[in-house]
Structure formats: structure tokens, C-alpha cells
Participant: 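My questions all concern the structure below.
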Number of protein chains: 2
Amino acid sequence: MPEGIATSDEITVEELQLAARNHGMPLEGLRYDVTPIGMHYLLTHFDIPEADAATWTLSIGGRVRSPLRVSMAEIAARPAVTMAVTMECAGNGRARLHPRPLSQPWLNEAVGTAEWTGTPLRPLLDEAGLEDDAIEVVFAGADHGTQGGVEQDYERSLPVAEAMRDEVLLAYGINGQPLPPQHGYPLRLIVPGWYGMTSVKWLTTITPVAEPFEGFQMDAYRVRQALEDPGTPVTRMQPRSLMVPPGFPDFFTRIRHVEPGRHTLTGRAWSGWGPIARVEVSIDGGSTWKDATLGQQSSHAWVPWTLTWDAAPGERELMTRATDVAGNVQPVDQPWNHHGVSNNMTQRVTVLVRG
Amino acid sequence: MPEGIATSDEITVEELQLAARNHGMPLEGLRYDVTPIGMHYLLTHFDIPEADAATWTLSIGGRVRSPLRVSMAEIAARPAVTMAVTMECAGNGRARLHPRPLSQPWLNEAVGTAEWTGTPLRPLLDEAGLEDDAIEVVFAGADHGTQGGVEQDYERSLPVAEAMRDEVLLAYGINGQPLPPQHGYPLRLIVPGWYGMTSVKWLTTITPVAEPFEGFQMDAYRVRQALEDPGTPVTRMQPRSLMVPPGFPDFFTRIRHVEPGRHTLTGRAWSGWGPIARVEVSIDGGSTWKDATLGQQSSHAWVPWTLTWDAAPGERELMTRATDVAGNVQPVDQPWNHHGVSNNMTQRVTVLVRG
């Protein structure tokens with residue numbers, strides 16, 4: 001196997017170390033419009049930093065005419081916006097790939113929708129005054145470590161046009177309360193529509209640059225077939241639909257037990273490429289599909305869906321997949337990539353309908 | 001291998017499914033006296049139930065003279081107590097056993113300290129009036145599923161004398177806010193000193209009984225060498241000390257990098273059997289031990305400790321272990337048991353001190 005790829009379908013202790021500290025959203029959490037505090041997925045590359053809002057400063061430098069340095073009190077005094085945003089980890093689904101890229105071993109559950117409160121980024125960048133040659137904006141967090149042999153603060157860039165979108169926030173609140181440490185206290189970036197690696201936590205500096213930023217985390221989030229391929233960058237979330245697993249689970253296997261008869265299947269779907277056009281559900285392992293009924297779409301949060309299911313006794317494999325208005329559809333068979341990013345294969349839920 | 005025991009040091013997909021939904025407290029969270037919301041460890045046997053405080057009722061029946069049925073409004077109107085309690089999963093450390101019992105694969109991090117708000121249980125039991133023949137009290141939660149082939153609501157019992165302890169709470173708040181769904185909203189039991197399986201979430205009924213309760217979860221939490229052994233019940237937390245891993249981590253291996261020179265190592269220790277008498281730290285893989293300085297002890301929460309370490313270049317294995325006033329001490333080599341419960345082996349942290 002090439003470097004960074006598992007040699008077995010079983011999980012290594014290194015992956016378990018990550019899975020024990022990071023966590024997904026238990027899929028019954030799909031029942032909530034806004035994911036309750038503590039249930040939203042969480043991925044921390046390094047350690048959760050110790051931070052104090054009273055002394056925290058955000059610096060804007062680089063290719064700007066007037067470098068700025070602002071305190072949390074100054075950020076809190078600026079116009080505030082609250083916005084429901086669905087965020088998904090770019091590695092969601094990684095542990096379902098064969099062979100399995102070695103990193104945080106997500107199955108389906110690395111997602112959540114929070115109501116983020118913060119101040120729009122654009123007016124701050126306007127105050128700093130971007131130089132004409134600025135093409136990207138680099139965001140740096142306070143979390144520090146090594147990855148792939150490179151010591152680093154966590155850093156990611158956005159093209160200037162993306163960073164200047166009205167809905168990009170500097171967030172200090174989640175679900176009506178201050179950010180807890182693990183979600184980026186006291187300040188983080190929120191970039192609706194993009195995978196979570198873009199929404200840099202524990203934000204310390206914002207640096208417009210005149211050259212493409214080539215930091216480690218830009219290279220780590222690319223869809224490529226081999227380490228030596230240039231690949232393409234991971235950006236917006238691919239469409240995905242997930243259902244609330246019906247019935248009740250077995251503790252260890254998580255196989256579901258369902259009573260026969262009429263059930264309302266429910267779930268949520270989202271895409272970073274635009275509204276969801278269609279959600280389909282299969283109750284026979286993908287042989288046939290039915291269209292679910294979509295609820296109301298909002299700008300940056302998942303859309304709910306429902307489908308009535310008349311459950312006949314026996315073992316069933318339920319599946320759901322989404323199509324967005326841009327025409328992207330979830331694959332039933334996931335194309336493989338070396339880092340296991342930007343996967344969006346169709347969900348499968350094994351259910352035993354009682355006789 | 002006997003049933004329920006892993007045949008490989010690698011982790012199965014079933015265990016990963018559990019690790020992706022449940023989560024530990026990242027060990028840097030040991031820096032906080034009270035674990036921030038969302039960082040406390042969490043184990044849910046089945047699904048997180050849908051619940052509404054407006055219609056929730058708690059029923060007290062069985063061997064009582066006056067069965068009671070109370071609403072959440074009635075519980076909230078009773079005397080309220082707020083108490084910091086350290087809670088640990090009985091399976092903490094399970095994934096470090098060889099061979100590994102198949103269940104939630106915890107390493108070291110299944111712990112947290114919360115400030116729980118609720119009303120003491122005892123006055124409610126007094127109002128209901130225990131019959132003289134009541135020897136245990138059974139607590140049932142709303143979470144439902146199958147485990148070991150047995151369909152069940154999650155149920156655990158306590159001896160009457162334990163249930164009547166002043167500090168046993170019916171809790172509806174955590175860290176100054178309502179319980180989030182995953183921590184037992186709207187009502188749960190809190191039993192300070194005992195492992196977490198005792199603190200039943202989503203509490204629906206309390207039933208004093210005249211015979212020992214033999215529900216599935218009583219059998220699941222026993223220290224035994226084989227499934228057919230009677231074994232002994234898991235009750236109070238064994239002593240454990242954990243350190244905040246010093247320096248910064250590598251993303252994948254979690255090995256720590258530390259600068260040479262003077263560091264203050266910090267951590268927390270606790271025991272369900274009484275105050276902590278001693279915390280020891282080794283910087284040489286257990287060859288020699290130094291006593292850490294203990295901070296102030298509180299009744300039911302972990303005690304902080306510190307030790308100055310003069311770090312010389314090279315690879316080091318740091319360890320810490322606690323001894324409680326009852327004389328229980330953490331083992332360096334963990335005795336094995338079939339369910340992987342009540343483990344408290346000494347923590348080991350691999351550190352690279354730079355040259």
C-alpha cells in the first residue's frame with residue numbers, strides 16, 4: 001500500500017486515538033433543525049488551545065493599506081448577524097473507502113447545523129483596504145502541531161472573492177451562547193457552503209496575499225489519486241442526504257429493529273453548490289428509488305425531507321441520496337481518492353423489520 | 001477467542017461505529033475545573049430519545065406506600081442544588097486491554113466534570129414512603145434497544161442506602177443550562193462517586209424493589225474473567241490520575257513535542273472511594289516516581305495536581321498514577337476482565353523532547 005493508506009479493513013490504534021477525541025453527530029440528531037450544543041461534529045487537528053477573550057486579538061496584515069488589530073470587545077461592538085449554517089467535515093465518509101486513507105476515520109456522521117453569531121468579515125477587510133494585487137486571504141488559528149512532518153499553526157486560505165462574500169462571518173457565538181473552547185473560542189471563521197476545514201477556529205491573523213498560499217493544509221485537502229498527483233482543491237460541500245435511522249438500534253452492531261407497518265422516514269440534505277433539487281430513498285438496497293418530499297429550504301442550512309414507508313417483514317437496506325440544483329448527485333459507489341476527502345456516497349442503513 | 005473478545009489489536013467497524021457517535025474528553029480539557037459544555041465524555045447505549053420537558057413525567061412506584069407522578073415543572077419547583085461531580089465511564093481504558101473486549105473502545109479519555117443542577121432524590125423517596133422490604137431502587141431511562149439479544153429500556157438499580165445518600169440528584173441542568181438531549185434531557189440521575197452507568201439518563205421511572213434487580217445492565221457491568229463467571233458488580237470509580245499532555249501533538253500519532261527545559265506538568269485525579277491521598281509522576285517510563293503537589297480537594301470533583309519537570313532532550317514516557325485515602329492505587333499493568341470495566345491502569349504519554 002502507498003504511504004498513508006490502511007493495509008486492513010480494521011482500524012488502527014492511531015485512528016482510534018482520533019476517533020476517541022473527535023466526534024460525529026449521532027444520526028438521530030438529524031431530527032433537530034439546529035444541532036443541540038455538544039452534538040455538532042467536531043474535528044481538531046492539534047490541541048484545543050487555551051484562550052482568553054479578554055486578551056485575544058485579531059490582526060489583519062499582509063497586502064492591506066491599513067493593518068488592523070482588534071480586540072474581542074471591538075469585534076463584539078460591530079454589527080452582529082446570526083445565521084444557521086450546515087457544516088460537514090471534508091473527510092466525512094473516509095472510513096467507508098477501500099482501501100482506507102489513514103486519518104480521522106469518519107463514517108457518515110461528521111456534520112451539524114449551528115446558529116452562528118458573529119460579525120461579517122467583509123467590512124473589516126474593507127476597512128483594512130485590500131491592495132489590488134491581493135488574490136487570496138490566509139486565515140491562521142492558534143492550534144499548533146506537526147502534520148506530515150511539518151510544524152505549523154493551522155492555516156487555510158480563500159480566494160478574495162470567496163472571503164468577500166457577505167455571509168462569511170467572524171463568529172463568537174453558537175446557538176445563543178459563547179463558543180465553547182472546542183468550537184474555536186473566542187473567535188472563528190465561518191464560511192457557509194464550504195467544507196469545515198475552511199472555517200478556521202481560534203482565529204488569530206488574517207493575511208491577504210499576492211501569491212497562492214501553499215501551506216500544508218492546502219495540500220492536505222486535495223482530491224488526488226496518489227501523493228505525487230497535483231489533484232484539485234477541496235472547496236464546497238458535495239450534496240448529501242442522511243436519514244434518521246428508523247426504529248431502535250442494537251447496542252453493538254447498530255442494526256435497526258423496526259415494527260412492520262407504516263413509518264415516516266425523515267432526514268436532511270444539503271449541498272454547498274446550491275439548493276437541493278431532489279432527495280431519493282430506496283427501501284430495497286438501491287434497486288428502486290422514490291422521491292422524498294422536501295421541506296422549506298434556507299440559504300445555508302440543510303433541508304428536511306420525509307417519505308412514507310410501508311415496512312414489510314424482513315431485512316431491508318434503506319438508502320438515500322440527494323441531487324442539487326447544479327446537477328450534482330451522490331454516487332452509490334464512491335470514487336476513491338488518496339486523502340479520503342469530498343466523499344459523498346449514498347447512505348445505507350440496515351433494518352430488520354419484525355415478522 | 002471467547003465471545004465478545006477481539007481477535008486482533010486493530011479495531012472493528014462495529015467498535016468504530018460506537019467511537020464515531022460517543023466521545024471522550026480531549027485530555028487538554030483537564031485544564032478546566034469544570035469541563036466546558038460539549039467536551040464532557042458521552043456514552044449512549046441506544047439512541048438519544050426525543051423528549052419534551054413540557055410533557056415529561058417521572059413516576060415513582062413499586063415498593064412505596066404512596067406512588068408519585070411528577071412533572072418537570074414540579075421537579076423544578078423543588079429545592080435546587082448545584083454540585084460539581086466528576087464522572088467516568090466504567091469502560092474507560094477498555095481498548096488498552098489485550099485481548100480487547102468488544103464494546104465502546106475507550107482509551108483514557110472517558111471522563112468529565114460538570115456542574116449538575118437538580119433536586120435531591122431522597123426527599124422524593126421519603127414522600128413516596130419506602131416499604132420496609134425495599135432493598136434496591138431501579139431507575140429506568142427512555143433509551144430503548146437491544147443488547148446481548150435482550151430488548152430493553154436502559155435500567156440500573158442502586159442499593160437503598162446508596163439511593164438515599166444526600167448527594168444523589170435528579171438533575172435537569174448542566175453548567176448553568178438545561179441538559180442537552182445527549183446528556184439526558186429533560187431529567188437524569190446523578191450518583192456522585194459511581195461510574196457513569198449508574199447515572200441513568202432520560203429518567204422515566206423509579207421503582208423500589210424487594211428482590212435484587214437482575215436486568216441486563218446489571219449483568220453487563222461486572223468484573224469477571226469469563227461470561228460464565230458470576231463476577232462482582234462495578235460500583236464506584238477506581239482512582240485515576242490523568243495529565244494534560246505537555247507540548248504540542250502530531251496530528252496522526254498524537255506523539256507530543258516538547259521544548260527542553262523547565263515545564264509545569266498538570267493534571268487531575270479522582271476516586272469514588274474517597275479523597276486522593278497521593279499523585280505520582282514518572283518521567284522515565286515508570287523506573288522512578290515523584291510526588292506531585294495536590295490542589296484543593298472538593299467532595300465529588302477531581303483534584304488538580306502539578307509537578308515541575310526539567311525536560312532533557314530525548315524520547316520520554318511520562319506516566320501518572322493516583323492513590324486514594326482508602327489505599328487503592330492505580331496498577332501499572334492492568335488486570336484483565338471480560339467486559340473491560342473498572343480499568344484504571346496508569347496513563348502513559350510519549351513525548352519527544354527536542355535536542
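What's counted below: heavy atoms across the whole structure, side chains too, no hydrogens, waters or symmetry copies.
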Participant: Considering only heavy atoms and a distance below 4.5 Å, find which of B:Asp143, B:Val13, B:Leu16 pairs most often with chain A.
Facilitator: B:Leu16

Participant: Can you say whether B:Glu109 sits under 4.5 Å from chain A via the side chain, the backbone, both, or neither, judging by heavy atoms?
Facilitator: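 Contact with chain A: side chain only.
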
Participant: Rounded to the nearest 0.5 Å, what separation is found between the CD atom of B:Glu14 and the CG atom of A:Asp250?
Facilitator: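 Going from CD on B:Glu14 over to CG on A:Asp250, the span is 10.0 Å.
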
Participant: Rounded to the nearest 0.5 Å, how far apart are CD1 of B:Ile11 and CD of A:Glu10?
Facilitator: 8.0 Å

Participant: For the interface with chain A, which of B:Gly24, B:Pro181, B:Pro180 has the highest count of heavy-atom pairs at distances below 4.5 Å?
Facilitator: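 The option with the most such pairs is B:Pro181.
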
Participant: What's the separation between atom CD in A:Gln104 and atom CZ in B:Phe252, rounded to the nearest 0.5 Å?
Facilitator: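 If I round to the nearest 0.5 Å, the distance is 10.5 Å.
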
Participant: Is the side chain of A:Gln182 donor-acceptor paired with the backbone N or O of B:Ile37 at a distance under 3.5 Å, no angle test?
Facilitator: yes

Participant: Show the nearest heavy-atom pair for residues B:His23 and A:Asn22, with the distance to one decimal.
Facilitator: CB-O, 4.2 Å

Participant: Select one option (side chain, backbone, both, neither) describing which atoms of A:Glu50 are under 4.5 Å from chain B's heavy atoms.
Facilitator: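 Both backbone and side chain.
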
Participant: Strictly distance-based, threshold 3.5 Å: is any side-chain N or O of A:Arg254 a donor or acceptor partner for the main-chain N or O of B:Phe46?
Facilitator: yes

Participant: Looking at B:Pro26, B:Pro245, B:Ala19, which one has more heavy-atom pairs under 4.5 Å with chain A than the rest?
Facilitator: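 Of the options given, most contacts go to B:Pro26.
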
Participant: Picking from A:Glu15, A:Met25, A:Arg354, which has the most non-hydrogen pairs under 4.5 angstrom with chain B?
Facilitator: A:Arg354

Participant: Under the side chain to side chain contact (heavy atoms under 4.5 Å, CB included) criterion, do A:Glu28 and B:Arg21 qualify, and how do the steps go?
Facilitator: CA-CA 10 Å; A:Glu28 61 270 32; B:Arg21 25 180 302 124; 2.9 Å; yes

Participant: At their closest point, which heavy atom of B:Arg31 faces which heavy atom of A:Ile48, and how far apart are they?
Facilitator: NH2-O, 2.8 Å

Participant: Given a strict heavy-atom distance threshold of 4.5 Å, which part of B:Tyr32 is in contact with chain A: side chain, backbone, both, or neither?
Facilitator: side chain

Participant: Could you tell me which portion of B:Ile255 (side chain, backbone, both or neither) has an atom closer than 4.5 angstrom to a non-hydrogen atom of chain A?
Facilitator: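 Contact with chain A involves no heavy atom of B:Ile255 at all.
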
Participant: Please flag which part of A:Pro105 lies under 4.5 Å from any non-hydrogen atom of chain B: side chain, backbone, both or neither.
Facilitator: both

Participant: CD of A:Gln177 to CG of B:Asn175: how many Å apart, nearest 0.5 Å?
Facilitator: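 Nearest 0.5 Å value for the CD-CG distance: 9.5 Å.
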
Participant: Side chain, backbone, both or neither: which part of B:Ala95 has a non-hydrogen atom closer than 4.5 Å to chain A?
Facilitator: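 Only the side chain of B:Ala95 comes within 4.5 Å of chain A.
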
Participant: Using non-hydrogen atoms only, which part of B:His257 is less than 4.5 Å away from chain A: side chain, backbone, both, or neither?
Facilitator: side chain

Participant: Based on non-hydrogen pairs under 4.5 Å, which of B:Gly149, B:Ala110, B:Ser103 is most in contact with chain A?
Facilitator: B:Ser103

Participant: What's the shortest heavy-atom distance between A:Asp47 and B:Pro249, and which atoms?
Facilitator: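 It is OD1-CG, 3.4 Å.
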
Participant: Strictly distance-based, threshold 3.5 Å: is any side-chain N or O of A:Gln147 a donor or acceptor partner for the main-chain N or O of B:Phe251?
Facilitator: no

Participant: By the definition side-chain contact (heavy atoms from CB on, under 4.5 Å), identify the one residue from B:Thr253, B:Leu107, B:Asn108 that meets it with A:Gln17.
Facilitator: B:Leu107

